[in-house]
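Here's the structure, in structure tokens; my notes come after.
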Amino acid sequence: MKTKSKLAAVVSRIKSLPEWLHQPLLSFAIGNTVKFAGTAGISINSLSYDQCKITLKNRKKVQNHIGSVHAAATALLAESASGFVVGMNLPKQSLPLLKTMHVNYVKRSTGNLVATAILTEEQKQLLHTSPKGEVCIRVHVVDELGVEPVECEMIWAWIEKKAKITKP
């Protein structure tokens with residue numbers, strides 16, 4: 001890989017601390033950087049180069065009119081899981097961009113939601129070595145009853161960041 005992403009560097013530092021600190025510090029760091037994820041209260045269960053697993057509790061601020069997690073909050077959860085694992089793998093000089101979001105709502109959810117996004121070896125290799133490209137990531141979202149209330153695929157693209165021009 002060219003250079004480690006900022007996210008990968010933060011995760012590496014946090015993982016050097018005692019294990020009981022990993023989840024709360026990861027959640028705080030990401031929630032502080034990705035403001036919408038922080039506002040919704042997304043909690044990072046685990047984050048690595050291979051996968052991201054996150055939780056959204058069914059609290060009043062993310063509920064719909066029938067008391068389950070709102071459709072937009074569910075989509076945010078899936079988008080966040082895929083975006084975080086992409087962010088772990090992209091070099092520092094790359095800029096990730098969500099290109100397409102496919103979210104099919106198939107059942108009503110019950111309770112808290114857990115989203116898991118996993119990258120294949122081929123996807124990781126592409127993210128590490130190509131200056132631009134795209135990957136399609138299937139995100140599994142499961143509720144407290146073990147039901148998958150949505151079917152989600154996120155297409156992430158990336159490009160190289162433009163170099164900042166400094167004036168003499």
Side-chain angles (χ1 to χ4, degrees), residues 5-15 17-90 94-120 123-124 127 134-158:
S5 72
K6 280 186 178 180
L7 179 56
V10 168
V11 170
S12 178
R13 271 184 295 216
I14 289 172
K15 286 188 176 181
L17 299 172
E19 190 172 338
W20 64 272
L21 287 170
H22 295 180
Q23 189 275 336
L25 287 177
L26 279 172
S27 298
F28 175 78
I30 288 179
N32 198 40
T33 304
V34 182
K35 303 296 186 202
F36 195 27
T39 298
I42 287 175
S43 178
I44 312 299
N45 301 1
S46 63
L47 180 56
S48 69
Y49 291 104
D50 299 316
Q51 81 167 25
C52 177
K53 187 173 185 177
I54 60 179
T55 299
L56 182 60
K57 290 186 178 179
N58 183 6
R59 294 188 318 259
K60 195 166 198 73
K61 69 179 177 178
V62 296
Q63 287 179 345
N64 58 21
H65 62 289
I66 58 174
S68 59
V69 175
H70 193 281
T74 302
L76 170 68
L77 185 68
E79 182 265 344
S80 296
S82 61
F84 297 157
V85 76
V86 165
M88 284 291 293
N89 286 278
L90 280 177
S94 295
L95 176 68
L97 304 160
L98 181 64
K99 186 175 179 182
T100 306
M101 176 187 281
H102 296 282
V103 183
N104 295 325
Y105 298 88
V106 294
K107 294 185 183 344
R108 178 182 173 182
S109 66
T110 302
N112 302 336
L113 298 177
V114 177
T116 305
I118 300 171
L119 291 180
T120 65
Q123 288 172 323
K124 289 191 301 185
L127 285 158
E134 66 181 50
V135 291
C136 180
I137 303 169
R138 170 95 165 88
V139 182
H140 296 277
V141 178
V142 179
D143 69 10
E144 283 187 13
L145 298 179
V147 172
E148 196 166 346
V150 294
E151 300 166 345
C152 306
E153 280 187 350
M154 306 291 160
I155 299 176
W156 282 88
W158 66 94

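Count residues from 1 along the sequence.
- When side chains are defined from C-beta on, V85 does not count as touching I118, because their heavy atoms never get closer than 4.5 Å.
- If you take CG on L25 and CG on N32, they are separated by 12.0 Å, rounding to the nearest 0.5 Å.
- Nearest approach of W158 to S94, heavy atoms of both residues: CD1-OG, 4.2 Å.
- Paired with L77 under the rule side chain to side chain contact (heavy atoms under 4.5 Å, CB included), one option of L56, V139, V62 passes, and it is L56.
- A donor-acceptor contact under 3.5 angstrom links the side chains of Q63 and N58, judged on distance only.
- Taken to the nearest 0.5 Å, the CZ atom of F28 stands 13.5 Å off from the CD atom of Q23.
- Inter-residue side-chain proximity for I30 and L47 is flagged as met; some heavy-atom pair is nearer than 4.5 Å.
- Here F84 contributes atom CZ and N89 contributes atom CG; the two are 14.0 Å apart, rounded to the nearest 0.5 Å.
- The side-chain heavy atoms of V141 and C152, taken from C-beta on, include a pair separated by under 4.5 Å.
- Rounding to the nearest 0.5 angstrom, the gap separating the CG atom in D50 from the OG1 atom in T120 is 10.0 Å.
- For G67 against N64, the heavy-atom pair with the smallest separation is N-OD1, 3.1 Å.
- When side chains are defined from C-beta on, V147 does not count as touching T110, because their heavy atoms never get closer than 4.5 Å.
- In this structure, the side chain of S109 does not engage the main chain of S68 through any donor-acceptor pair within 3.5 Å.
- Of all non-hydrogen atoms in C52 and A81, the two that sit nearest each other are CB-O, 3.4 Å.
- For the residue pair T55 / N112, no side-chain donor-acceptor distance below 3.5 Å is found, with atom types taken as modelled.
- When all heavy atoms of D143 and P149 are compared, the closest pair comes out as N-CD, 4.1 Å.
- Rounding to the nearest 0.5 Å places OG of S46 at 5.0 Å from CD of Q51.
- Closest approach of M154 to A75, counting heavy atoms only: CE-O, 4.4 Å.
- Taking every heavy atom of both residues into account, L127 and L119 meet most closely at CD1-CD1, 3.6 Å.
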